[in-house]
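Atom set for the values below is all heavy atoms of this structure, side chains included, hydrogens, waters and symmetry mates excluded.
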Amino acid sequence: MSTVGNATNIFWQELPVGRLERQKLLNQKGCVVWITGLSGSGKSTLACSLSRELYTRGKLSYVLDGDNLRHGLNKDLGFKAEDRTENIRRVGEVAKLFADAGLICIASLISPYRKDRDACRAMLPDNNFVEASSFWMVYMNMPLALCEQRDAKGLYKLARAGKIKGFTGIDDPYEPPLNCEMEINEKDGVCPTPGAMAGEVVSYLEEKGYLHDNI
């Protein structure tokens with residue numbers, strides 16, 4: 001019998017099929033690739049391109065997109081600091097389950113605060129999150145001016161006009177990762193193509209053994 005959070009009298013149920021068995025069934029290793037950056041930095045573009053590239057290689061992945069999750073799992077949350085923290089906590093827990101299931105989970109969220117990203121890292125044991133030994137983060141390090149120029153959703157324009165409050169990069173901070181394993185940015189003023197970005201991530205996954213058929 002144990003107490004976890006606000007729940008009491010609960011037990012951890014051991015299951016007959018474990019992570020290793022599921023990974024052997026899928027011929028891949030479950031992990032999480034966490035993509036962070038400002039709105040408009042290219043997170044969703046990379047996530048979709050990466051998912052497609054993995055599919056062409058016969059590898060099963062799932063994208064946890066920040067906006068999509070706010071249509072369901074996190075639709076009760078706003079954008080206050082405490083809501084942002086709970087938003088990232090929930091996504092981290094779901095990502096943990098996907099990794100345990102043997103999938104390559106691609107989490108694509110602004111996730112502006114370091115402490116929240118670090119909390120997600122701490123949720124998973126080594127080799128579930130792909131960043132060095134335990135948590136690998138892709139930081140879409142694109143200039144704010146470029147993100148505003150793209151502004152596909154028109155959010156920066158609304159934030160600049162004061163119609164959206166607490167918008168990351170305008171009147172709410174984005175805390176860049178201090179020790180990310182992959183940083184994607186402009187080279188000589190040119191952004192890498194979606195395919196090139198996805199290829200860089202896939203190369204890392206291959207190097208670390210997450211796409212090997214022999215688990």
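A continuous path of Ile, Leu, Val, Met, Phe, Trp and Tyr side chains, each step under 4.5 Å between heavy atoms, connects Leu38 with Ile164, placing both in one hydrophobic cluster. Note: the hydrophobic cluster containing Tyr55 does not contain Leu60 (ILVMFWY, side chain heavy atoms under 4.5 Å, direct or indirect links). The cluster map of Ile, Leu, Val, Met, Phe, Trp and Tyr, joined by side-chain heavy atoms under 4.5 Å apart, puts Leu73 and Phe79 in different clusters. Hydrophobic clustering of Ile, Leu, Val, Met, Phe, Trp and Tyr side chains at less than 4.5 Å, counting indirect connections, keeps Leu25 apart from Leu103. Hydrophobic clustering (side-chain heavy atoms under 4.5 Å, transitive across Ile, Leu, Val, Met, Phe, Trp, Tyr) keeps Leu97 apart from Trp34.
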*For Leu205 and Leu54, what are the C-alpha separation, side-chain angles and deciding distance, and is it a side chain to side chain contact (heavy atoms under 4.5 Å, CB included)?*
CA-CA 10 Å; Leu205 291 170; Leu54 290 169; 4.2 Å; yes
_Intermediate values then yes/no, side chain to side chain contact (heavy atoms under 4.5 Å, CB included), Glu148 and Lys157_ = CA-CA 8 Å; Glu148 285 199 68; Lys157 184 176 181 180; over 6 Å; no
*Give the intermediate values and the outcome of side chain to side chain contact (heavy atoms under 4.5 Å, CB included) for residues Cys105 and Val33.*
CA-CA 6 Å; Cys105 182; Val33 178; over 6 Å; no
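The distance from atom CG of Asp118 to atom OG of Ser111, rounded to the nearest 0.5 Å, is 11.0 Å. The CD1 atom of Ile110 sits 12.5 Å away from the CG atom of Asp116 when rounded to the nearest 0.5 Å. Rounding to the nearest 0.5 Å gives a distance of 6.0 Å between CE of Met137 and OG1 of Thr36. Between the CD atom of Glu181 and the NZ atom of Lys208 there is a distance of 8.5 Å, given to the nearest 0.5 Å. With rounding to the nearest 0.5 Å, the separation of CD in Glu93 from CE in Met123 is 4.0 Å. In this structure, CD1 on Ile106 lies 8.5 Å from SG on Cys48, to the nearest 0.5 angstrom.
Counting only distance, with no hydrogens or angles, the side chain of Ser49 and the backbone of Thr45 share no donor-acceptor pair below 3.5 Å. In terms of modelled atom types and a separation under 3.5 Å, the side chain of Arg70 and the main chain of Gly78 share a donor-acceptor contact. Listed for the Glu186 side chain is no donor-acceptor partner under 3.5 Å among the backbone atoms of Met142. No donor-acceptor pair closer than 3.5 Å links the side chain of Arg114 to the backbone N or O of Pro177. The backbone N or O of Gly166 sits less than 3.5 Å from a side-chain atom of Asp171, completing a donor-acceptor pair. Under a 3.5 Å cut-off, the side chain of Glu21 and the backbone N or O of Gly18 do form a donor-acceptor pair. At least one donor-acceptor pair closer than 3.5 Å links the side chain of Arg150 to the backbone N or O of Gly40. A donor-acceptor pair under 3.5 Å is formed between the side chain of Ser203 and the backbone N or O of Gly199.
Pairing each heavy atom of Ser108 with each of Ser44, the nearest pair is OG-N, 3.6 Å. Here the closest non-hydrogen pair linking Val32 and Ala95 is CG2-O, 3.6 Å. Residues Ala101 and Leu26 share a closest heavy-atom pair of O-CD1, 3.7 Å. Taking both residues in full, the closest heavy atoms of Lys115 and Thr85 are given as NZ-OG1, 3.0 Å, listed atom of the first, atom of the second, then distance. Scanning all heavy atoms of the two residues, the minimum distance from Cys120 to Gly92 falls at SG-CA, 3.7 Å. Annotation for Tyr210 and Gly30: closest pair CE2-O, 3.8 Å, computed over non-hydrogen atoms.
Atom NZ of Lys187 has more than 12 heavy atoms from other residues, nucleotides or ligands within 6.0 Å. Shown here is Lys75, whose NZ atom has no more than 12 heavy atoms of other residues, nucleotides or ligands within 6.0 Å.
The aromatic rings of Phe167 and Tyr156 stand perpendicular to each other, their planes meeting at an angle above 60°, with 30° marking the opposite boundary.
For Tyr113, the ring pair (Phe, Tyr, Trp, His ring centres under 6.0 Å) criterion is met by no residue, not counting sequence neighbours.
Contact check for Ile104 versus Leu211: side-chain heavy atoms found under the 4.5 Å cut-off. No side-chain heavy atom of Glu175 sits less than 4.5 Å from a side-chain heavy atom of Pro112. Looking at heavy atoms from C-beta onward, Val91 lies in side-chain contact with Leu109 at the 4.5 angstrom threshold. Within the 4.5 Å cutoff, no side-chain heavy atoms of Arg84 are placed close to those of Leu77. Between Gln23 and Leu20, some side-chain heavy-atom pair lies under the 4.5 Å cut-off. Residues Asn141 and Ile184 have side chains not in contact (no heavy-atom distance under 4.5 Å, counting atoms from C-beta outward). Contact of the Val138 side chain with the Leu46 side chain is registered, since non-hydrogen atoms from C-beta on lie closer than 4.5 Å. The shortest distance between side-chain heavy atoms of Thr168 and Pro173 does not fall below 4.5 Å.
Taking the ring centre of Phe98 as origin, the terminal cationic atom of Arg19 falls outside the region bounded by 6.0 Å and 45° from the ring axis.
With respect to Arg57 and Glu206, a salt bridge is recorded, a charged nitrogen being found less than 4.0 Å from a carboxylate O. Asp65 and Lys43 are not joined by a salt bridge, as no carboxylate oxygen comes within less than 4.0 angstrom of a charged side-chain nitrogen. At a threshold of 4.0 Å, the pair Glu53-Lys59 does not count as salt-bridged, since none of the basic side-chain nitrogens sits closer than that to a carboxylate oxygen. Between Arg89 and Glu86, at least one side-chain N (NZ, or NE/NH1/NH2) sits under 4.0 Å from a carboxylate O, which counts as a salt bridge. With respect to Asp76 and Arg90, a salt bridge is recorded, a charged nitrogen being found less than 4.0 Å from a carboxylate O. The pair Lys165-Asp172 does not meet the salt-bridge criterion, since no charged nitrogen lies less than 4.0 angstrom from a carboxylate oxygen.
With hydrogens and angles left out, the side-chain atoms of Ser41 and Tyr139 include no donor and acceptor closer than 3.5 Å.
When the options Met140, Met197, Met182 are evaluated for a side chain to side chain contact (heavy atoms under 4.5 Å, CB included) with Ile35, the one that passes is Met140.
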